[in-house]
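Just so we're on the same page: letters track the sequence lines, and every chain starts at 1.
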Number of protein chains: 2
Amino acid sequence: MNPKFYGLPQEKQQSILNAGFHVFAQNTYKKSPMSEIALAAGISKALLFHYFHNKKELYLFLWDTCARITVEEMTRSGAYEQTDLFGSMDHGMQAKLRLMRQYPDIGSFAVRAFYEKDPEVSAEIQKSMGQYLQVHAAKKLEKLDPEDFIPGIDLQMMYKEMYWASEGCLWEYIQRGIMDIDAMEKDFRALLDFWKTVYLRKGREEAEK
Amino acid sequence: MNPKFYGLPQEKQQSILNAGFHVFAQNTYKKSPMSEIALAAGISKALLFHYFHNKKELYLFLWDTCARITVEEMTRSGAYEQTDLFGSMDHGMQAKLRLMRQYPDIGSFAVRAFYEKDPEVSAEIQKSMGQYLQVHAAKKLEKLDPEDFIPGIDLQMMYKEMYWASEGCLWEYIQRGIMDIDAMEKDFRALLDFWKTVYLRKGREEAEK
DNA sequence: CCTCCGTTAACCGTATCGGTTAATACCATT
DNA sequence: AATGGTATTAACCGATACGGTTAACGGAGG
């Protein structure tokens, strides 16, 4: 990959990244044409090939960038430090939303790339994704104090359920293709508040009044 | 569309449908080649063109079939008659699972087709989807008796949350591409049970013991 | 006027597309 | 064995789209 790419104005860099995320998110690797990416980025195909010597290189660069900025944003948001469950979910989602504001298609791209089957890229994707996802769920659960929650609740199930609900909410927007981040934030806030009144002992007591 | 298609053995018909669902679910309409569908269905491209005169016809046929069998399965499962909320969700998901067992990619196809932008098909998709989704949520909520649920709960939010969670759970499987329907059913059952203990007044009382 | 450099139009060889055609393979009837 | 019909396909067609290259354009600095 041509280092001159980093010399580009930030804005141009982002529009190229976003064009790549967008096109690769919609179709298979093989069926995502470089010409389409160049068009979406507002540059010529030749120039795109000037910055990235071939399609594979661009694809893997996008993948690495995607992983890098996600981890960056996550740590910067402090999502990993938070001890309070809802607090850390809040920070995490905050980070995700900030990301999606800058790179609307980064989520869809990440999922597609992760499950991409094309032998030209799949191996390297799988190899490099070590840190990228999860692991945190289990550790997060251990630290929870059951006393904070309503009696008898299955905390693991609760966590899984919350995760699915936020993913489901996210996907509703992603699929629709309308990236209204503000609306997403509102929805997610509502979810968090709802969970607090339902799952937290304290929340329950207040709601019953 | 050639009526001889219905003369085919059920098994062959399904394999063609599934091939279509699969390929069209993975890529845009324009970038989903007929040859690939034929290959996946185990027939020649020429024969596929014998049953469906052109790509557009096959696509719209798949869409109609998708809508038809979904409604069929839903009504057959009795999901629409049920008055109890969890009961109707149970029946509904049961129907969905049965569908996905027969047509693993029908879900992904439906979503993609619904949001397809290609002018060659998008208009007709939008036109014909009248009954296909929603409407039921609002009516279902009106019939709920707040006395059955824990006091102070926002029923609309609860419903939305449950919907998102099941969608999120579903998508996790769909995205992964491994259609382990039995595992999905188990997960969904667990969700339902969890919700009952958390949201239902009766469930809460039992759990607190 | 020259040179450098970001940028692109135009090009190249090849692969793939939607769709057709003419010929096969198959099978029941005579 | 010859016949006729039907299911199925290999081979083909013109058009287009692909990844990647090249030669040239245009503007800024000297």
Side-chain angles (χ1 to χ4, degrees), chain A residues 1-17 19-20 22-63 113 116-122 124, chain B residues 1-17 19-20 22-63 113 116-122 124:
Chain A
M1 168 266 190
N2 191 332
K4 278 174 192 168
F5 175 75
Y6 291 121
L8 257 46
Q10 206 71 28
E11 176 197 339
K12 206 85 202 165
Q13 280 186 49
Q14 281 206 19
S15 84
I16 293 177
L17 291 180
H22 182 72
V23 174
F24 281 124
Q26 298 263 341
N27 298 94
T28 322
Y29 168 75
K30 216 180 72 178
K31 295 200 181 138
S32 297
M34 291 291 270
S35 54
E36 208 168 297
I37 297 174
L39 182 73
I43 61 175
S44 72
K45 189 177 61 158
L47 187 55
L48 186 58
F49 271 103
H50 177 64
Y51 292 128
F52 305 93
H53 307 83
N54 53 51
K55 187 162 139 179
K56 180 177 172 181
E57 189 182 283
L58 169 59
Y59 189 75
L60 294 177
F61 175 79
L62 285 174
W63 172 255
E116 174 66 55
K117 302 267 196 333
D118 194 309
E120 195 174 339
V121 291
S122 65
E124 300 180 60
Chain B
M1 168 265 188
N2 192 332
K4 279 176 191 168
F5 175 75
Y6 290 122
L8 258 46
Q10 204 72 27
E11 176 196 338
K12 206 83 202 165
Q13 281 186 48
Q14 281 207 18
S15 85
I16 293 177
L17 290 179
H22 182 73
V23 174
F24 281 124
Q26 298 262 343
N27 298 93
T28 321
Y29 168 75
K30 215 181 73 179
K31 296 200 180 138
S32 298
M34 291 291 270
S35 54
E36 209 168 297
I37 296 173
L39 182 74
I43 62 175
S44 71
K45 189 177 61 156
L47 187 55
L48 186 58
F49 271 103
H50 176 65
Y51 292 128
F52 304 93
H53 308 84
N54 53 50
K55 187 163 137 178
K56 180 177 172 180
E57 189 182 282
L58 169 59
Y59 189 75
L60 294 177
F61 175 80
L62 284 174
W63 171 256
E116 174 66 56
K117 301 268 196 333
D118 195 310
E120 195 174 339
V121 291
S122 65
E124 299 178 62

Nearest-Å distance, [atom1] ([X]) to [atom2] ([N])?
X: B:Ile43; N: D:dA10; atom1: CD1; atom2: C1'; value: 15 Å
X: A:Leu39; N: C:dA9; atom1: CG; atom2: P; value: 11 Å
X: A:Leu48; N: C:dT8; atom1: CG; atom2: P; value: 11 Å
X: A:Phe52; N: C:dG6; atom1: CZ; atom2: P; value: 15 Å
X: B:Asn2; N: D:dT6; atom1: CG; atom2: C1'; value: 12 Å
X: B:Ile37; N: C:dC17; atom1: CD1; atom2: P; value: 11 Å
X: B:Phe5; N: D:dA7; atom1: CZ; atom2: P; value: 14 Å

B:Glu36 vs A:Lys31, test: side-chain contact (heavy atoms from CB on, under 4.5 Å). Steps then yes/no. CA-CA 13 Å; B:Glu36 209 168 297; A:Lys31 295 200 181 138; 2.6 Å; yes

Are B:Lys4 and B:His50 side-chain neighbours, meaning at least one heavy-atom pair lies under 4.5 Å? yes

Heavy-atom protein contacts under 4.0 Å, nucleotides 11-28 of chain D, coded B base, S sugar-phosphate only, - none: -------SBBBB------

Go through the steps to decide whether B:Phe61 and B:Leu17 satisfy the test side-chain contact (heavy atoms from CB on, under 4.5 Å), and finish with yes or no. CA-CA 9 Å; B:Phe61 175 80; B:Leu17 290 179; 3.8 Å; yes

Lys NZ or Arg CZ of B:Lys55 over B:Phe24 ring: under 6.0 Å, within 45°: no

Where do [X] and [Y] come nearest, in terms of heavy atoms and distance?
X: A:Asp118; Y: A:Lys30; value: OD2-CB, 3.7 Å
X: A:Asn54; Y: A:Phe49; value: CA-CE2, 4.0 Å
X: B:Tyr29; Y: B:Glu120; value: OH-OE2, 3.5 Å

Short side-chain to backbone donor-acceptor contact, B:Asn2 and B:Phe5, under 3.5 Å: no

Sub-3.5 Å donor-acceptor pair from the side chain of A:Gln13 to the main-chain atoms of A:Leu8, do we have one? yes

Taking only N/O atoms, report every protein-nucleotides 23-26 of chain C pair under 3.5 Å with atom names and distance.
none

B:Tyr51 side chain N/O closer than 4.0 Å to the phosphate oxygens (OP1, OP2) of D:dT8? yes

